[in-house]
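Data block below; observations after.
What's counted below: heavy atoms across the whole structure, side chains too, no hydrogens, waters or symmetry copies. Residue numbering restarts at 1 for every chain, and letters A, B, ... go by the order of the sequence lines.
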Protein chains: 2
Amino acid sequence: MYSIGQLSRRTGVKVPTIRYYEQTGLMPPADRTSGNQRRYDTDGLERLSFIRHARGLGFPIDAISALIELQTHPDRSCQAAGDLAQAQLDDVRNRIARLQALESELDRIVAGCDGKGAAGDCHVMTALADHDLCAQDH
Amino acid sequence: MYSIGQLSRRTGVKVPTIRYYEQTGLMPPADRTSGNQRRYDTDGLERLSFIRHARGLGFPIDAISALIELQTHPDRSCQAAGDLAQAQLDDVRNRIARLQALESELDRIVAGCDGKGAAGDCHVMTALADHDLCAQDH
DNA sequence: CCTTGAAGCTCTAGTTGCTAGAGGTTTTAC
DNA sequence: GTAAAACCTCTAGCAACTAGAGCTTCAAGG
């Protein structure tokens with residue numbers, strides 16, 4: 001049996017975050033000692049590791065919740081899990097594309113700034129002040 | 001003079017967001033009509049356009065605040081604005097790199113899922129359950 | 001056994017950047 | 001004049017935590 005601190009150290013998830021996950025239903029309520037302290041078994045450890053892994057991959061909490069629901073019903077189709085993972089992959093790809101557009105524009109803005117002028121003539125400030133100079137809408 | 005709705009339509013910034021920007025100090029307090037409605041001049045329009053442009057580029061509010069401070073002091077060095085823009089560019093690049101690592105891993109996870117199995121044998125679930133399968137820490 | 005410090009508990013509120021809704025007032029158009 | 005649109009302030013919520021206050025329990029050392 002693990003205390004919450006032991007669980008935290010084993011998984012890398014902070015103590016308050018474990019409590020948060022229990023509060024939001026992602027983790028099942030833990031067994032308690034007579035002193036009201038949480039105690040977790042290896043199932044709890046595995047659940048939290050799963051959550052951490054999925055969070056690390058950027059899955060939102062409700063998607064993880066759905067994945068866990070699938071996990072507790074092994075007879076259900078794998079299709080749903082695949083769809084959730086695919087949706088997350090698509091989201092990540094969209095975010096990359098958007099960030100790359102931002103990078104290009106910021107790169108252009110930064111490249112035009114030699115840091116020598118006064119703020120009144122600053123290329124960065126001028127670029128930000130002139131919305132028409134945007135390469136594209138954002 | 002513009003009403004807040006007119007300003008919103010001209011800049012694409014929502015009315016509550018304009019109020020929020022005034023509350024947080026990013027926008028100066030607006031002149032008011034006798035009916036207590038905000039009225040903005042072209043300075044206000046330009047300020048909000050600047051804010052929107054910078055937000056669109058991902059600058060956090062406090063960085064925009066710093067940029068605006070520079071803007072109101074044209075004698076100050078351009079170096080600060082360049083630094084802020086460079087910091088934002090670095091942040092965007094870091095985020096891209098992190099997302100690309102996520103993409104690789106998700107891609108691998110998704111690629112192994114043909115959607116035919118039951119959740120109990122699901123490659124996605126297995127991959128998320130096994131933290132050791134991570135290509136790298138995240 | 002006692003003491004002390006570490007670890008645990010619940011509860012409240014804050015972070016960032018909005019966003020939504022309630023309940024009221026003002027403005028605008030017909 | 002009337003009705004609808006637009007405006008106002010205020011409160012609270014969202015996502016996913018995170019921090020701190022004030023208290024209790026546990027564990028280690030003397």
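Under 4.0 Å is where a charged nitrogen must lie from a carboxylate oxygen, and between A:R47 and A:D43 no such pair does.
No contact: A:F59 has no heavy atom under 4.0 Å from any strand. Looking at heavy-atom distances under 4.0 Å, A:S3 makes contact with sugar-phosphate atoms alone, never a base.
Proximity of B:S3 to B:R39: side-chain heavy atoms (C-beta onward) are separated by under 4.5 Å at one or more points. Side-chain contact between B:L57 and B:H53: present, with at least one pair of heavy atoms (C-beta onward) separated by less than 4.5 Å. By the 4.5 Å heavy-atom criterion applied to side chains, B:L45 and B:Q6 are not counted as neighbours.
Whole-Å rounding puts the B:R55 CZ to C:dT16 P distance at 12 Å. In this structure, A:Q6 places its CD atom 17 Å from P of C:dA6, rounding to the nearest Å. A straight line from CD1 of A:I18 to C1' of C:dA7 spans 13 Å, rounded to a whole angstrom. Going from atom CD of B:Q23 over to atom P of C:dC18 covers 12 Å, rounded to whole Å. The interatomic distance linking B:I4 (CD1) with C:dT27 (C1') rounds to 15 Å, in whole Å. The CD-P distance, from B:E22 to C:dC18, rounds to 15 Å in whole Å.
The side chain of A:R38 places no N or O atom within less than 4.0 Å of a non-bridging phosphate oxygen (OP1 or OP2) of C:dG8. For B:R19 and C:dG17, the shortest distance from a side-chain N or O to OP1 or OP2 is not below 4.0 Å. One finds a side-chain N or O of B:T33 lying less than 4.0 angstrom from the OP1 or OP2 phosphate oxygen of C:dT27. Note on B:S34: every side-chain N or O is 4.0 Å or more away from OP1 and OP2 of C:dT26.
Nearest-nucleotide positions on DNA chain C place B:P60 closer to the 5' end than the other of B:N36 and B:P60. Ranked by how close their nearest DNA chain D nucleotide is to the 5' end, A:R39 and A:Y21 are led by A:Y21. Nearest-nucleotide mapping onto DNA chain C: of A:R9 and B:Q37, the residue sitting toward the 5' end is A:R9.
Considering OG1 of A:T24 and CD1 of A:I61, their distance stands at 5.5 Å, rounded to 0.5 Å.
Contacts between chain B and DNA chain D, taken as any atom within less than 4.0 angstrom of a protein heavy atom, begin and end at D:dC7 to D:dT9.
Of all non-hydrogen atoms in B:I51 and B:Y21, the two that sit nearest each other are CG2-CE1, 3.7 Å. The shortest heavy-atom contact between A:T11 and A:L7 is OG1-O, 2.8 Å.
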